[in-house]
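In what follows, a structure is listed as structure tokens, so that the remarks can point back to it.
When a residue number appears, it is its place in the shown sequence, counting from 1.
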Amino acid sequence: MSFNKLQLLADEICNMPICEAEKEELLMQAAGLIRFAECYDKEIIIKEHRGVLSIIGHKSNNSGVVLFDARHAGALMPIPAVNIQAIKQAKEVKEFWFVYIADYKEHVQQKVRDFIDANNLRTVYDRLFVFDFFKATIHTL
């Protein structure tokens with residue numbers, strides 16, 4: 001993972017007027033976002049990382065990326081479709097991606113699909129991925 005990219009995001013996060021626990025969570029998300037971007041396409045540019053939603057530049061388009069760590073399964077706060085449309089217009093975002101971070105073993109595949117279906121994620125997001133942070137593998141759903 002690129003230390004320089006993480007350091008730049010860490011500097012931004014550390015200067016935010018939020019509590020230490022929120023900074024820690026944002027730093028962990030930043031590491032996940034950088035690792036995902038480097039595994040998916042090294043040309044991805046992280047334009048904004050301010051919480052649940054990050055904005056990236058990919059192939060001349062902006063995409064919104066929501067990272068979801070499977071260890072925090074009860075904490076998903078779905079972005080309402082009306083908010084997604086507003087974000088698309090305000091940030092000139094073409095697509096929304098949902099990245100489920102988990103160790104993607106055979107027995108986990110159905111659990112991931114059930115989670116996606118239970119939260120109607122296919123209707124909200126244009127692309128769905130499962131990302132294994134430690135193995136650096138991405139599965140498109």
Side-chain angles (χ1 to χ4, degrees), residues 1-16 18-141:
M1 176 181 0
S2 171
F3 178 76
N4 291 336
K5 289 179 184 177
L6 184 58
Q7 185 62 50
L8 287 172
L9 287 176
D11 289 344
E12 284 182 33
I13 292 166
C14 288
N15 289 323
M16 291 178 167
I18 56 177
C19 71
E20 292 301 313
E22 289 175 303
K23 288 178 183 179
E24 183 179 329
E25 182 63 30
L26 282 176
L27 287 168
M28 290 179 5
Q29 287 177 357
L33 179 63
I34 291 167
R35 183 113 163 122
F36 172 79
E38 290 175 348
C39 293
Y40 187 78
D41 183 344
K42 293 188 185 323
E43 301 299 316
I44 286 177
I45 298 167
I46 299 169
K47 294 186 170 187
E48 185 177 317
H49 176 66
R50 298 268 183 230
V52 174
L53 175 68
S54 298
I55 306 297
I56 62 167
H58 181 248
K59 296 187 179 183
S60 302
N61 293 310
N62 288 340
S63 296
V65 178
V66 173
L67 293 176
F68 176 74
D69 191 330
R71 295 173 296 174
H72 305 254
L76 179 64
M77 299 290 279
I79 299 173
V82 69
N83 290 3
I84 285 181
Q85 289 307 316
I87 293 167
K88 280 185 174 182
Q89 290 175 351
K91 303 285 185 178
E92 298 179 358
V93 170
K94 184 176 180 180
E95 293 184 318
F96 270 81
W97 299 1
F98 184 83
V99 180
Y100 188 102
I101 301 173
D103 182 13
Y104 198 63
K105 296 179 181 172
E106 295 253 344
H107 68 279
V108 175
Q109 293 177 19
Q110 190 59 48
K111 179 181 174 184
V112 171
R113 286 187 177 93
D114 291 345
F115 175 84
I116 287 168
D117 292 342
N119 290 285
N120 297 316
L121 299 181
R122 292 182 198 282
T123 62
V124 177
Y125 295 92
D126 301 295
R127 296 174 129 191
L128 301 167
F129 304 94
V130 177
F131 175 52
D132 187 320
F133 183 91
F134 295 107
K135 292 180 183 173
T137 57
I138 299 170
H139 302 272
T140 304
L141 301 174

Inset, instruction - Would you mind telling me which of D41, V65, I45 makes a side-chain contact (heavy atoms from CB on, under 4.5 Å) with H58? - result: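 In the set D41, V65, I45, the residue that makes a side-chain contact (heavy atoms from CB on, under 4.5 Å) with H58 is D41.
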Legend entry - ring pair (Phe, Tyr, Trp, His ring centres under 6.0 Å), paired with F129, selected from Y100, Y40, F98: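 Per the ring pair (Phe, Tyr, Trp, His ring centres under 6.0 Å) rule, the option paired with F129 is Y40, out of Y100, Y40, F98.
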Inset, instruction - Decide yes or no for E12 and H49: does some side-chain heavy atom of the first lie under 4.5 Å from some side-chain heavy atom of the second? - result: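 They are not in contact (no side-chain heavy atoms under 4.5 Å apart), so the answer is no.
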Output the distance between atom [atom1] ([X]) and atom [atom2] ([Y]), rounded to the nearest 0.5 Å.
{"X": "F68", "Y": "L121", "atom1": "CZ", "atom2": "CG", "value": "9.0 Å"}
{"X": "I34", "Y": "Q7", "atom1": "CD1", "atom2": "CD", "value": "10.0 Å"}
{"X": "N62", "Y": "I87", "atom1": "CG", "atom2": "CD1", "value": "12.5 Å"}
{"X": "L33", "Y": "E38", "atom1": "CG", "atom2": "CD", "value": "10.0 Å"}
{"X": "F36", "Y": "I101", "atom1": "CZ", "atom2": "CD1", "value": "9.0 Å"}
{"X": "D69", "Y": "F133", "atom1": "CG", "atom2": "CZ", "value": "10.0 Å"}

Legend entry - For E95, side-chain contact (heavy atoms from CB on, under 4.5 Å) partners two or more places apart: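 Here the qualifying residues are S63, W97, D126, R127.
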Looking at every heavy atom in both [X] and [Y], which two are closest together, and how far apart are they?
{"X": "V93", "Y": "G64", "answer": "CG1-N, 3.4 Å"}
{"X": "I18", "Y": "L26", "answer": "CD1-CD1, 3.5 Å"}
{"X": "N15", "Y": "D11", "answer": "ND2-O, 3.0 Å"}
{"X": "A37", "Y": "I44", "answer": "CB-CG2, 3.8 Å"}

Inset, instruction - Give the intermediate values and the outcome of side-chain contact (heavy atoms from CB on, under 4.5 Å) for residues F131 and L67. - result: CA-CA 9 Å; F131 175 52; L67 293 176; 5.9 Å; no
Inset, instruction - Would you check if the side chain of K23 reaches a backbone N or O of C14 as a donor-acceptor pair within less than 3.5 Å? - result: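 Answer holds: yes.
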Inset, instruction - Spell out, as yes or no, whether a donor-acceptor pair under 3.5 Å connects the side chain of H139 to the backbone of D132. - result: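 No, H139 side chain to D132 backbone: no donor-acceptor pair under 3.5 Å.
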Legend entry - salt bridge (Lys or Arg N to Asp or Glu O under 4.0 Å) partners for E48, two or more places apart: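 Partners of E48 under the salt bridge (Lys or Arg N to Asp or Glu O under 4.0 Å) test: K91.
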